[in-house]
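Bear in mind the structure is a predicted one, so any value in this text is a computation, not a measurement. Here is the naming used below: chain letters follow the sequence lines, and residue numbers restart at 1 for every chain.
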2 protein chains.
Amino acid sequence: MLSKKTKYAINALVYIAKNKHEQPISVSKISEEQNIPLKFLESILTELKNARILNSKKGKYGGYSLNGTTEEIHMAQVLRLFDGAIALLPCVTYRFYERCEECIDEETCGIRQIAMEIRNETVKRLKAATLEDIIEREKILKK
Amino acid sequence: MLSKKTKYAINALVYIAKNKHEQPISVSKISEEQNIPLKFLESILTELKNARILNSKKGKYGGYSLNGTTEEIHMAQVLRLFDGAIALLPCVTYRFYERCEECIDEETCGIRQIAMEIRNETVKRLKAATLEDIIEREKILKK
DNA sequence: TTATACCCTACTAATTTGGTAGGAATAATA
DNA sequence: TATTATTCCTACCAAATTAGTAGGGTATAA
């Protein structure tokens, strides 16, 4: 399951992407429009900024804007940032590798292979889920 | 990520399946062979019994045996039992449906559609991952 | 210079995870 | 029938994670 943090982050990013003509957008605006607790959202956007997914501008009329195009930013990035590894097992992740303590032989572990196949498929789809793709899907669904 | 409970459960099931000629098998035997804390494993096997995935036999020379063939028992069942929903969002699960509180319109939510596609693919693969399949994969990997 | 924003450091309550402890009930066998 | 090996049942618990809140400090445009 995605954490609320991840869901909030994606919703905020999609919102910013949809309103790119009026950037930067303030936290309070996003908070109101997207139903996200203000202070919590503040910390989320700070993390997105530190990860260079967003740009920020301080002071009056400041706010956040995308750092990159809507085709470059995708769900896999956001998910890894807030929820960590995407895979079902720590031993099949690339960035967050860890051995399963209870595992007797990683090389011949049957569920490891299955977890790897699922991860590959999932990551492929999450990378394809760019902001552009999400917005496009919503347009089609609205018809 | 799979919880330890789920991993322990799968390892125990695979172990029981591999040794089906000497059933029933006691918790202590599985605990030793599979590196799983005894008391914790006890509670896991009780849950598997309550879910009718295992049979139990009380008293001396008692223990657990599979309730069903190795082709019938698969990872999706076990995962749902211990970790709940498989999907990334509560609004795309069949058995554990819940609305996302923050969601503005479920019908036109772009990430919902993506989550649904990922769930379908993942469930398909987890259902194909029967005990038989896991054991077969391990045989091939050992060569 | 003032109002509007982001930035930073703490704190916290509730839930989940990964167990442990102790004994009662049951069944095989000597 | 006593012993022993096993499952079954209830209760407890510590650590980690999640989903926030509180309270200012700091930068900047008008």
Side-chain angles (χ1 to χ4, degrees), chain A residues 1-12 16 22-32 34-65 67 79 81-85 88 90 96 98 100-102, chain B residues 1-12 16 22-32 34-65 67 79 81-85 88 90 96 98 100-102:
Chain A
M1 284 275 182
L2 300 187
S3 65
K4 289 214 164 185
K5 232 173 172 175
T6 299
K7 279 195 280 178
Y8 288 157
I10 294 168
N11 288 341
I16 296 170
E22 43 175 299
Q23 289 188 14
I25 304 176
S26 71
V27 181
S28 53
K29 182 88 189 290
I30 303 170
S31 161
E32 281 164 30
Q34 289 296 300
N35 239 333
I36 307 170
L38 179 68
K39 278 296 202 175
F40 196 31
L41 180 59
E42 219 173 276
S43 70
I44 292 166
L45 298 189
T46 301
E47 278 191 78
L48 286 168
K49 194 212 71 183
N50 291 337
R52 287 149 196 266
I53 294 170
L54 287 178
N55 287 316
S56 70
K57 200 180 161 202
K58 290 184 195 174
K60 204 170 179 180
Y61 299 112
Y64 290 92
S65 54
N67 182 25
L79 215 142
L81 181 61
F82 294 107
D83 291 347
L88 293 174
F96 304 91
E98 233 173 285
C100 295
E101 313 162 42
E102 73 281 4
Chain B
M1 284 276 181
L2 302 186
S3 65
K4 288 214 165 187
K5 232 172 172 176
T6 299
K7 280 196 279 178
Y8 288 158
I10 295 168
N11 288 340
I16 296 170
E22 42 176 299
Q23 288 188 16
I25 303 177
S26 72
V27 181
S28 54
K29 182 87 189 291
I30 303 170
S31 161
E32 282 165 30
Q34 290 294 301
N35 240 333
I36 307 171
L38 179 69
K39 278 297 203 174
F40 196 30
L41 180 59
E42 217 175 279
S43 70
I44 292 167
L45 297 190
T46 301
E47 277 191 78
L48 286 169
K49 191 212 74 185
N50 292 336
R52 287 153 197 264
I53 295 170
L54 286 179
N55 287 316
S56 70
K57 200 182 161 204
K58 288 185 196 173
K60 203 170 181 179
Y61 300 111
Y64 291 92
S65 54
N67 183 24
L79 215 144
L81 181 62
F82 294 106
D83 291 347
L88 293 175
F96 303 91
E98 234 172 287
C100 295
E101 314 161 43
E102 74 281 4

(Q) Nearest whole Å is fine: how far is C/dT9 C1' from A/Asn50 CG? (A) 14 Å
(Q) I need the CG-P distance between B/Asn35 and C/dG18, as an integer number of Å. (A) 16 Å
Q: Please state whether the phosphate of C/dC7, meaning OP1 or OP2, lies under 4.0 angstrom from any side-chain nitrogen or oxygen of A/Ser56.
A: yes
Q: Quickly work out the B/Leu48 CG to D/dC8 C1' distance and round it to whole Å.
A: 15 Å
(Q) Could you check whether any side-chain heavy atom of B/Ile25 comes within less than 4.5 Å of a side-chain heavy atom of B/Tyr64, counting everything from C-beta outward? (A) no
Q.
Any non-hydrogen side-chain atom of B/Tyr61 less than 4.5 Å from a side-chain atom of B/Ser26?
A. no
Q: Calculate the interatomic distance between B/Lys5 atom NZ and C/dT16 atom P; express it in whole Å.
A: 12 Å
Q: State whether B/Lys49 places a side-chain N or O below 4.0 Å from either non-bridging phosphate oxygen (OP1 or OP2) of D/dC8.
A: yes
Q | Minimum-distance nucleotide to A/Glu42 side chain [options: C/dG18, C/dC8, D/dA19] | A | C/dC8
Q: Using a 4.0 Å heavy-atom cut-off across all strands, classify A/Phe40 as base, sugar-phosphate, or nothing.
A: base
Q: Tell me whether the OP1 or OP2 atom of C/dC7 has a side-chain N or O from A/Tyr64 closer than 4.0 Å.
A: yes
Q: Take the protein atom CD of A/Glu32 and the nucleotide atom C1' of C/dT4, then report the distance between them rounded to whole Å.
A: 14 Å
Q: Taking atom CD of A/Glu98 as the centre, report whether more than 12 heavy atoms of other residues, nucleotides or ligands fall under 6.0 Å from it.
A: no
Q) Using a cut-off of 4.0 Å on non-hydrogen atoms, how would the nucleic acid contact of A/Phe82 be classed: base, sugar-phosphate, or nothing? A) nothing
Q: Answer with base, sugar-phosphate or nothing: what part of the nucleic acid does B/Lys60 contact at a heavy-atom distance below 4.0 Å?
A: base
Q. Is any side-chain N or O of B/Tyr61 closer than 4.0 Å to OP1 or OP2 of D/dT7?
A. no
**Q.** Over all atoms of both residues, closest heavy-atom pair of B/Pro24 and B/Gly63
**A.** CB-C, 3.5 Å
**Q.** Rounded distance in Å - OH (A/Tyr8) to P (D/dT18)
**A.** 14 Å
Q) To the nearest angstrom, how far is B/Glu102 atom CD from D/dG20 atom P? A) 9 Å
Q.
In this structure, how many angstroms lie between the P atom of D/dA16 and the NZ atom of B/Lys4, rounded?
A. 13 Å
Q) Between B/Lys57 and A/Leu38, which has a closest nucleotide on DNA chain D that is more 5'? A) B/Lys57
Q.
As a test of reading the structure: which of D/dC8, C/dC6, D/dA22 is closest to the side chain of B/Lys39, going by heavy atoms?
A. D/dC8
Q. Distance check: side-chain N/O of B/Lys58 vs OP1/OP2 of D/dA5, anything under 4.0 Å?
A. no
Q. For A/Glu42, does its backbone N or O pair with a side-chain atom of A/Thr46 as donor and acceptor, under 3.5 Å?
A. yes
